[in-house]
Asks: 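Please see the structure below; I have some questions.
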Amino acid sequence: QRGNPIETNLDSSLNDDRVKPPPVQGTVDLPSGPIAYDSSSWLKKPLRDIRRRYSDARFREMFDTALKAYFAGDWKNAAFQFERVDVLFDDNPSKYFLRKIKKNNCIPPATFDGYGSS
């Protein structure tokens, strides 16, 4: 028995290299130097693992709470929240904000206007 012709055509087109667009290729300049890149990089296991880890709703909610406290000038609470995120997710952006907060003893500078750099 033959399957649904639409599904059969769709399934075969997914496996047909002639239908797939060619990968975008080039280099990405990182602080450590340029690295080779192509669009299939997003499908490789290391990047899938990273994306899965930071796609967790818990991460987004915790980081958002920390960032809102930071922008509101509640740096003691922001430090607490960023530390939680960092402990659970080993998150470099949280480490960045923690360094800025601790450098100022959890007190926003007088020139801090709720956004931008401090």
Side-chain angles (χ1 to χ4, degrees):
Q1 172 174 325
R2 298 185 72 193
N4 179 329
I6 295 173
E7 288 176 5
T8 303
N9 287 338
L10 179 61
D11 290 341
S12 64
S13 70
L14 292 174
N15 295 321
D16 186 350
D17 286 333
R18 294 172 298 161
V19 179
K20 295 178 186 172
V24 176
Q25 296 182 340
T27 60
V28 175
D29 292 324
L30 298 177
S32 58
I35 61 167
Y37 169 83
D38 69 62
S39 58
S40 69
S41 297
W42 290 101
L43 304 175
K44 295 177 182 165
K45 185 172 177 8
L47 275 179
R48 284 196 337 259
D49 290 346
I50 290 169
R51 289 172 45 213
R52 185 177 305 112
R53 180 178 188 147
Y54 293 102
S55 296
D56 183 319
R58 202 170 49 137
F59 168 79
R60 288 191 310 271
E61 290 170 8
M62 292 172 67
F63 188 83
D64 186 56
T65 298
L67 204 54
K68 285 179 179 175
Y70 176 84
F71 289 137
D74 184 1
W75 282 20
K76 286 183 183 179
N77 182 33
F80 174 76
Q81 300 298 335
F82 282 126
E83 284 174 359
R84 288 181 58 218
V85 174
D86 186 38
V87 165
L88 292 172
F89 297 95
D90 190 28
D91 179 56
N92 283 328
S94 293
K95 287 176 173 55
Y96 167 80
F97 283 106
L98 279 168
R99 281 192 305 272
K100 290 179 75 130
I101 291 169
K102 289 178 180 179
K103 182 177 96 178
N104 289 293
N105 297 316
C106 294
I107 300 168
T111 58
F112 183 71
D113 54 10
Y115 61 90
S117 63
S118 59

Asks: Under 4.0 Å between a side-chain nitrogen and a carboxylate oxygen: does that hold for Lys95 and Glu83?
Replies: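 No.
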Asks: Sequence neighbours left out, what passes salt bridge (charged side-chain N to carboxylate O under 4.0 Å, His left out) with Lys68? Give chain and number order.
Replies: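 Once residues adjacent in sequence are excluded, the partners of Lys68 under the salt bridge (charged side-chain N to carboxylate O under 4.0 Å, His left out) criterion are Asp64.
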Asks: CZ of Phe71 to CZ of Phe97: how many Å apart, nearest 0.5 Å?
Replies: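 Taking CZ in Phe71 and CZ in Phe97, the distance rounds to 5.0 Å.
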Asks: Specify the closest pair of heavy atoms between Leu98 and Ala79, including all atoms of both residues, with the distance to one decimal.
Replies: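 That closest heavy-atom pairing would be CD2-O, 3.4 Å.
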Asks: So, do Phe82 and Leu67 sit near enough that their side-chain heavy atoms are less than 4.5 Å apart?
Replies: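 Yes, side chains in contact.
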Asks: With sequence neighbours left out, what residues match Phe59 under ring-ring contact (aromatic ring centres under 6.0 Å, His included)?
Replies: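 Scan of Phe59 (ring-ring contact (aromatic ring centres under 6.0 Å, His included), adjacent residues dropped) gives Tyr54, Phe63, Phe89.
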Asks: Check step by step if side chain to side chain contact (heavy atoms under 4.5 Å, CB included) holds for Asn92 and Tyr96.
Replies: CA-CA 6 Å; Asn92 283 328; Tyr96 167 80; over 6 Å; no
Asks: Measuring from atom CZ of Arg84 to atom OG of Ser94, what distance do you get when rounded to the nearest 0.5 angstrom?
Replies: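 Separation between the atoms: 11.0 Å.
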Asks: Do Phe112 and Tyr70 have ring centroids that are under 6.0 Å from one another?
Replies: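 Ring-ring flag for Tyr70/Phe112: true, centres closer than 6.0 Å.
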Asks: Is there a side-chain contact between Lys76 and Ile101 (heavy atoms, below 4.5 Å)?
Replies: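 Contact flag for Lys76/Ile101 side chains = no.
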Asks: Can you name the closest pair of heavy atoms from Ala78 and Ala66 and give their distance?
Replies: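 Looking at all heavy atoms of both residues, the closest pair is CB-O, 3.7 Å.
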Asks: Below 4.5 Å, heavy atoms only, C-beta onward: do Gln81 and Asn77 meet side chain to side chain?
Replies: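 Side chain of Gln81 against side chain of Asn77, heavy atoms only: contact under 4.5 Å found.
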Asks: Quick one: pull up CZ in Phe80 and OG1 in Thr65 and give me the separation to the nearest 0.5 Å.
Replies: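 Here the rounded value is 11.0 Å.
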